[in-house]
Every structure is written in C-alpha cells, then in structure tokens.
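Protein chains get the first letters and strands the later ones, always in sequence-line order, with residue 1 at the start of each.
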Protein chains: 2
Amino acid sequence: MNIDTLIDARWVIPVNPDGAALEHHSVAIHEGRIHDILPTGQAEKYQAVTRHTLDTHALIPGLINAHTHASMNLLRGLADDLPLMTWLNEHIWPAEQKWVNEDFVADGTRLAVAEMLRGGVTCFNDMYFYPDVTARVCADAGMRAVVGMIMIDFPSAWAGNSEEYLHRGLEVHDHYRTHPLITTAFAPHAPYSVSDGPLENIRTLADELGVQIHIHLHETRDEIQHSLGEYSVRPMQRLKDLGLLSPSLIAVHMTQLEDDELELFAESGAHVVHCPESNLKLASGFCPVARLQNSGINVALGTDSAASNNDLDMFSEMHTAALLAKGVAGDASALPAAAALRMATYNGALALGIAEETGSLENGKYADITAVDLGTLESQPIYHPISQLVYASSRNMVTDVWVGGRQVVKNREMTTLDDNRILSDSTLWQEKLRENHQGSCV
Amino acid sequence: MNIDTLIDARWVIPVNPDGAALEHHSVAIHEGRIHDILPTGQAEKYQAVTRHTLDTHALIPGLINAHTHASMNLLRGLADDLPLMTWLNEHIWPAEQKWVNEDFVADGTRLAVAEMLRGGVTCFNDMYFYPDVTARVCADAGMRAVVGMIMIDFPSAWAGNSEEYLHRGLEVHDHYRTHPLITTAFAPHAPYSVSDGPLENIRTLADELGVQIHIHLHETRDEIQHSLGEYSVRPMQRLKDLGLLSPSLIAVHMTQLEDDELELFAESGAHVVHCPESNLKLASGFCPVARLQNSGINVALGTDSAASNNDLDMFSEMHTAALLAKGVAGDASALPAAAALRMATYNGALALGIAEETGSLENGKYADITAVDLGTLESQPIYHPISQLVYASSRNMVTDVWVGGRQVVKNREMTTLDDNRILSDSTLWQEKLRENHQGSCV
C-alpha cells in the first residue's frame, strides 16, 4: 500500500496500551493520521513517499501542554522571587496593561509555539487576550491548539465588557469550527475575576456548542478567602451551584482541596490540569495528584506561563510532576513513569475533549508524534525506555516532530517557523519592556 | 601581559559578589587560575595564546555536585517507582553485590564524569567503593573531585572490615595529597550502617588530616527510628555525642528535622547538601532549605546517584531546588535565583573545604568555568540573566567548560574523554545487567 510517511524507530511508545514500549517498530502515516503501527520487519507492505529511520529514538505521542498563556513568553523572567500579589500588581499586570495588543500576542505566541514544537509539544491549551491572533499563529505554524474564548470582568484592549468578550470569542469559535488544528474552549479566567452572570452564560453556551470550560480553580488560599468573602462559599461549591462542575470543566491548579471537595469533584467527571512548577514557584500550594488519580479524576499536565516557570518545557514538567507526586504522597510508588507520560499526553487530550483525535499513538488518530533521541551518553544505560523519558530526558533530545502527519521539526530545525525572525522580534520586545520596566534589569 | 587564555562573554556571573552579572566582560586565565575579570573593551592589555569570543554566552563558575555516587550511573533507571526498601533490598543492593568491581567503578565513573562535564559540572563529591579508581578516572579526565574514603560496617569487594576500609582510604588520601584536582573526605555511609568505633576513628583522623566528613544524615523517618532503637537518640544527637557535629561535617539530605536540631546544627558550623530530586523520587521527605539558610547554615546542592534522579543534571537540580524551596516555605521569595546559583557553586565549595580554590569567578581561584549559550529562542527575552540560568535553562545550553584552566569541553565536545568508547562500555554493562536483573526490562 502507498502511504505518505513511514517512521522506523528503536521504540514506539503509544501510551495506549499503558506501559507498552514496542521495540524496533514503525509507524505508518497516511493523510495526516496514523494508519498502522507494526514491527519494522513487516513494514515492507508499505511504500512510503518519505521514510525516516530513527535508530536510537523513541516515538511518543506529541506532548500536550494542557494549560498555558502563550503570549506571556514575552514576559519570561521579567520578575521573579516575589510574593504573588507584589509580582502581579507591580510587575505583570502593569506590563500587560501597557503592552498587550495584537502584535504582542502574535509575536509572543509565535515564540511560545516555536519553543513548544522544538520541545516535542504538539498541542496546547491557551488562555489569553486576542485568541483570534493566537489561533492564526498556530494554524500558520501547523501547531494544534485549543484557544480560549477568554472571559474576565474587567475591560482590556481586546474587549470592553462581558458581551463583547463573548461575542468576539464566539467569532473565533465559528471561524475555526471545521479547522483540523484549532478548537476553542470557553476560558473564564478565575472565580475571583468572573462574576456569576457571565459564568451562567458560558455554561449554557458550552452545552450548546459542545466545548470545554477552562478556568483557574482553587489555585491559592487567597482565592478561597475571596470567594468566602464575596459569595459565602468556596469557589468549587460556587461553580457547582452554577452548574459548571461537569465533564466539560478543565480546572487548573487545584492546590487547595478539602476531602469532601475531592469526592465532589470526582463524582462530577471534571478534569484537573496540574502545573507543578508554577505552583511551586508562586508558592501556591501542593496539588494532591496521587489522591486525585486514586479517586478516578483525570489529571493532565501544564506549564502555566513562561512568567512563572520560566519555560514551556513539558519534559521538565513531567519529571517534576513524577517526583513531586511521590514527595507529596509520601509514597515512592506514586505516579510511576508510564502514568507521568500519560499525564503529559493522553490525559491532556481527554481534558481538552480531543482524545479521539490525539494523545496516543493509535490507528485512526492524528499523527501527532514526537521523536526523542535516546542515543547519547546522557541516556545510557537504558533498562526501561519509559523511565528514561520521564526521569532522565530533556527536551533537547527531541529531534523530529509531526502534527497531523506534517513534519514541523526536522533534525531539530523547525520547518514552519523562522528562528531568526523570532529571535529578532523577541529582542525588539525585550528592549521595549526593559526600558520601561521598573526595577533593575541587566 | 602574556596569558594562556582570554574568554570574552556577553555576561560574566562570578557568584561573588552575590547577584553580579557583568555585561560584555572577559576572563583572563593564566597557569590554571583566574588572573583578571574586566570589561572586554579593556582586555587588549592581555595577549592570550587562545582567545574565545562567546557572544551570547554567560560565564559562570563550574557547577559543584556536592553529593553523588558516580559509578551508580550504570544503574540508571534499573528500577523506579518502588517503595524505598523494596528498591534497595530487591534491586539496587543485589545488583551492586553482583557487579561492583574495579571495572564497574571505572566505567561507571567515566560515564558519570562525561555526563557531568558536558552539563557544566566541574567538581563533584563522591561516595562509593574503589575511590582509588574514581580518583584515577577523574584525574585522567581533568575533572575536579572530592573522593570519599568510604566506611561501612559490612564487607564489600573493596574492603573486608573497618580497618581495611580505613587503610585503603588513607592510601588514596596519601596518593593524591598534592594533586591539583583530587582531594579526599572521609565518607562514613550513614548512621544506620556505621557503628560508633569507626566514627570515632574518623573524627580523630579528620582533625589530624584536615579533611571533611561526608555522611547521609536524617534522610528518612526509618533512619530516625533505627537510631532511636539502636542508640536511644536521633542520629544527629548521636553524631554530636561522638564529636562529629562541626564545620568538618557534610550532612546530606536532612529532611527530618526538629526545631532544636536546626539550632544545634546551625551552632555547629556543619554543612548541608540538599538533594531535592532524590528526596522527592524516594519520598524521603522535604528539606526545610529556607529555614536552614535563615539560620545561617551553609546549604549546597547535589544530584545523589543516577539511580534515584535519574540524571546528574545540576541545572535541573538547581531549578528544582529554587522551586521546591518556595513551595515548602510557602514563600515565593525564598531561595531567589542568585541564591540558587550560589547553592550550586560556592556553597558546594564551602562544604567541600575548597572555597579558596573554586566555587566562584575570582582572581586567584582555579579557572573552573562553564559557558552557557543564552542565544537560542528558548532563552528569549532576557531581562535578568541569573534568573534565566536558574528558571529557564538546561544543561544542553552548556557549550564550553574549563577545569583548572584546561578546556575539557569545547563546542559541546569533550576533549579528554571518548564518547564512543563510553557509549560502547555502557552498552556492555546494560546487556550484562539486563540479562541478570529480575523484573521486566525492555
């Protein structure tokens, strides 16, 4: 049979079934989707336009960054090591108010997409202003994305009030409704920044349109206190009362949980996105990942923004998650390697509502594939390749990446984005922000 | 003036003074030591045999891995995700008993040294059998090392009883007494594996010889319980009673601390080596780094072995330490970037008793220098280079490394070690261990 692409690898790690590491296997790709996975020795049945032989590599599903704010890459390292509210009030929010416009979002997103593709991430879930711009950049770059139809109580350059936020968001939804790479989700920012009316609208519309709802939830103690003060209930209870606790919900962070809340959440079928590096860096708290998973809750993985990480490195995030879950649970068998890899791939697809299309290497799914070279001395010796990927790998080992069967990274070089342009655009923003930002920069 | 080497860099980050990031500066090296640090514009006063222009790079002190077991690189990923005692009793100790000999230590150390040099580590503090072999491999590779004169109650291939452990260790000490790269420390394994007699001998000899004492201390709850059962006191109190709580002590892990113990330790002048990734992976507990530092205790950084990490990546360890300290302290201003970099460099030199020779970029010290390329898009934009190094860098950004003025890594290639030989040696050990190791390997 004639096919578009055949990739021979040392290991194919499909994530489904869990823990499988198929030695000397090949992936056959046709018309953007995985057609077959089989021993390389039997692959002669396929004649491929392009054949790749990746002798020392593992093929894994492209990683899914289930929560970020891509444009904030332009604020990477702007301010660190500060108490959360000082960081937000005196550094991040003033910079955003001053600088966020279409160009900021275009350039910031492009930088973030480049970083993510080179690091083996083939899909991300975004929440920021100008989702129309984010979507366009991703579509052009060949990156899969769920762009957030952002909702927030205060006006911004993108929208003046909740009607306008909704209207402009729905325009993006309609525009990309049949696009193979771009989907949308409602993205009400957080319980403390979105009032009841807009949340109720979003619940109704999310049901009608069949999209997910992406929100920061139970991230900090302050958020809990604010909700008790304003609404007399904790945020999760408020969302439940508004009808938002359902399998449509993507709840990010979830570091502040009481036992009954864990049960409530588990019954609802809602999803969690765990952002360990952000939670640690901002001292938000510890998400009880092992307990969430043991209760049957789907837990995905995200980097949050580059302003509180400070990169979009999903290999590092996966490593951190696997380590931190053990420390937090007091159990060295918590979140084993295969489960950590699944968190960074399939669980993200589940949370984003796209698990039938991506998140694992299975026949019929999109060919969203990352190749990792395990041939250097940093990876030796190899007893268990999945362990190596989680506990001893880094994103610079990524050599080739496909999204929907299109090779977007070839031999560590991007095929759809221009390094040099991205570097010079970043430098321009760096000069602008450095001039104007209070506090010392070097 | 004629000098050996001049390195021009975008930033020189000396660590002393704290937080300095000198733009467009050069480091002048002569006869293995730092001769001068000055603005590149003034560097014409020096005629260098070799001049390096590193336009987008930061020069930092070579990182100091203050606690590892280098040879255990050959056990990387052999077994993971298991409760600690199962992991030790059923996997690690049987493998060590079967395989550890001079060749294991030579090949394992060589693999570890290669990984560390390529990752910008110029000095490490080791504890393992056959320190004579470790020392030789390091001397040949041009790697700075403190090798442990290991002491443990049970016999091994290297020594049959405590007299023999001491005797063989002292031979290594004597052999390398004037070596520019190799120093020694006593390395009694842990409170539960070394009895009082040998510890008392070590205290006396350490004073006489002016060397440090390197020990695992308060790593787990089980260790505390064992000590209470055997000796009726907690391990730190036992060491105090034996006279070991002093500035000579390098205490590794320290996750189990009561308030009075923190004060006791602070008064003693002893040092801590923090190993966050190992502590998390083995669910040992959380070291209260911010509290230790606030009490004036010197805290250095280490990876522990590649069997519980699973790499010797000090950039990752530094990032994890900076994040975890904030989460554990509940304070986003804890362990700021400059302090994390200092932990990975100067504090290690202090702990190892070599702070007059290395650990910072200062005139007169050994030229142990690591160059990090901050020019790729993953590092953009740059507002604060020290923040970038800690929160947004990875070891693959290391391009060039000098130890004692000798360039051991040039353009990402090692100059003193052979990649291919190391790869093939590792593969031989991988095949041997895989055949014989119970449980599934792929």
Side-chain angles (χ1 to χ4, degrees), chain A residues 11 21 23 74 76-78 80-84 87 111 114-115 118 277 279-283 286 306 309-311 313 316 319-320 323-324 326-327 329-333 336-337 377-378 380-385 387-388 391-392 394-396 419 422-423 426-427 429-430 433-434 437 441-442, chain B residues 11 21 23 74 76-78 80-84 87 111 114-115 118 277 279-283 286 306 309-311 313 316 319-320 323-324 326-327 329-333 336-337 377-378 380-385 387-388 391-392 394-396 419 422-423 426-427 429-430 433-434 437 441-442:
Chain A
W11 299 275
E23 291 196 80
L74 294 179
R76 189 202 312 271
L78 187 73
D80 304 286
D81 308 319
L82 297 165
L84 178 64
W87 181 70
L111 176 63
E115 177 178 351
R118 280 156 59 112
E277 293 186 2
N279 293 159
L280 290 174
K281 191 166 194 287
L282 298 175
F286 297 86
N309 191 299
N310 289 349
D311 54 37
D313 181 343
S316 171
H319 189 201
T320 300
L323 299 186
L324 190 62
K326 292 166 174 63
D331 174 5
S333 67
L377 60 88
E378 282 76 9
Q380 311 312 315
I382 304 178
Y383 301 108
H384 302 88
S387 161
Q388 225 72 338
Y391 296 125
S394 42
R395 63 179 174 176
N396 68 289
D419 277 68
I422 288 169
L423 280 168
S426 299
T427 301
W429 283 105
Q430 176 186 301
L433 268 76
R434 181 185 292 185
H437 182 69
C441 290
V442 180
Chain B
W11 300 274
E23 292 198 78
L74 293 179
R76 189 203 312 271
L78 187 72
D80 305 287
D81 308 321
L82 297 165
L84 178 65
W87 182 71
L111 175 63
E115 175 178 352
R118 279 156 60 112
E277 293 186 3
N279 293 160
L280 290 175
K281 192 166 194 287
L282 298 174
F286 296 86
N309 191 301
N310 286 351
D311 53 38
D313 182 345
S316 171
H319 189 202
T320 300
L323 298 186
L324 191 61
K326 294 167 174 63
D331 175 2
S333 67
L377 60 88
E378 282 77 8
Q380 310 313 315
I382 303 179
Y383 301 109
H384 302 88
S387 161
Q388 225 71 339
Y391 296 124
S394 42
R395 64 179 173 176
N396 68 288
D419 277 67
I422 289 169
L423 280 169
S426 300
T427 302
W429 282 106
Q430 177 185 301
L433 266 78
R434 181 184 291 185
H437 181 69
C441 290
V442 178

Exercise. Please look at A:Leu377 and chain B and tell me whether the side chain, the backbone, both or neither of the residue comes under 4.5 angstrom of a heavy atom of that chain.
Key: both
Quiz prompt | Contact leader toward chain A among B:Asn309, B:Asn279, B:Asp313, B:Asp419, where contacts are heavy-atom pairs under 4.5 Å | solution = B:Asn309
Self-check item: Side chain, backbone, both or neither of A:Glu115 within contact of chain B (heavy atoms, under 4.5 Å)
Solution: both
Quiz item: If you take all heavy atoms of B:Gly77 and A:Ser387, which pair is closest and at what distance?
Solution: CA-OG, 3.9 Å
Self-check item: A:Tyr383 and B:Asp80: side chain donor to acceptor below 3.5 Å
Solution: no
Self-check item: B:Asn396 CG to A:Asn396 CG distance, which is reported to the nearest 0.5 Å
Solution: 3.5 Å
Quiz item: Are B:Lys281 and A:Tyr391 side-chain neighbours, meaning at least one heavy-atom pair lies under 4.5 Å?
Solution: yes
Self-check item: Side chains of A:Lys326 and B:Asp81 in contact at under 4.5 Å (non-hydrogen atoms)
Solution: yes
Quiz prompt | chain A contact via B:Ser394 - side chain, backbone, both or neither, heavy atoms under 4.5 Å | solution = neither
Practice problem: Flag the one option from A:Asp331, A:Thr320, A:Leu74 with the top tally of heavy-atom pairs under 4.5 Å to chain B. | Solution: A:Leu74
Self-check item: For A:Asp311, all residues meeting salt bridge (Lys or Arg N to Asp or Glu O under 4.0 Å), sequence neighbours excluded
Solution: none
Exercise. Look at the side chain of B:Arg118 and the backbone N and O of A:Glu378, then say whether any donor-acceptor pair between them is shorter than 3.5 Å.
Key: no
Quiz item: Taking only residues two or more places apart in sequence, or in another chain, which ones meet A:Ser426 in a side-chain contact (heavy atoms from CB on, under 4.5 Å)?
Solution: A:Leu111, A:Ile422, B:Gln380
Quiz item: Under a 4.5 Å heavy-atom cutoff, which of A:Ala306, A:Pro336, A:Gly330 has the most pairs with chain B?
Solution: A:Pro336
Quiz item: Should A:Leu324 and B:Leu324 count as side-chain neighbours, where that means a heavy-atom distance under 4.5 Å?
Solution: yes
Quiz item: Top residue by heavy-atom pair count (under 4.5 Å) with chain A, among B:Ala332, B:Ala392, B:Pro83?
Solution: B:Ala332
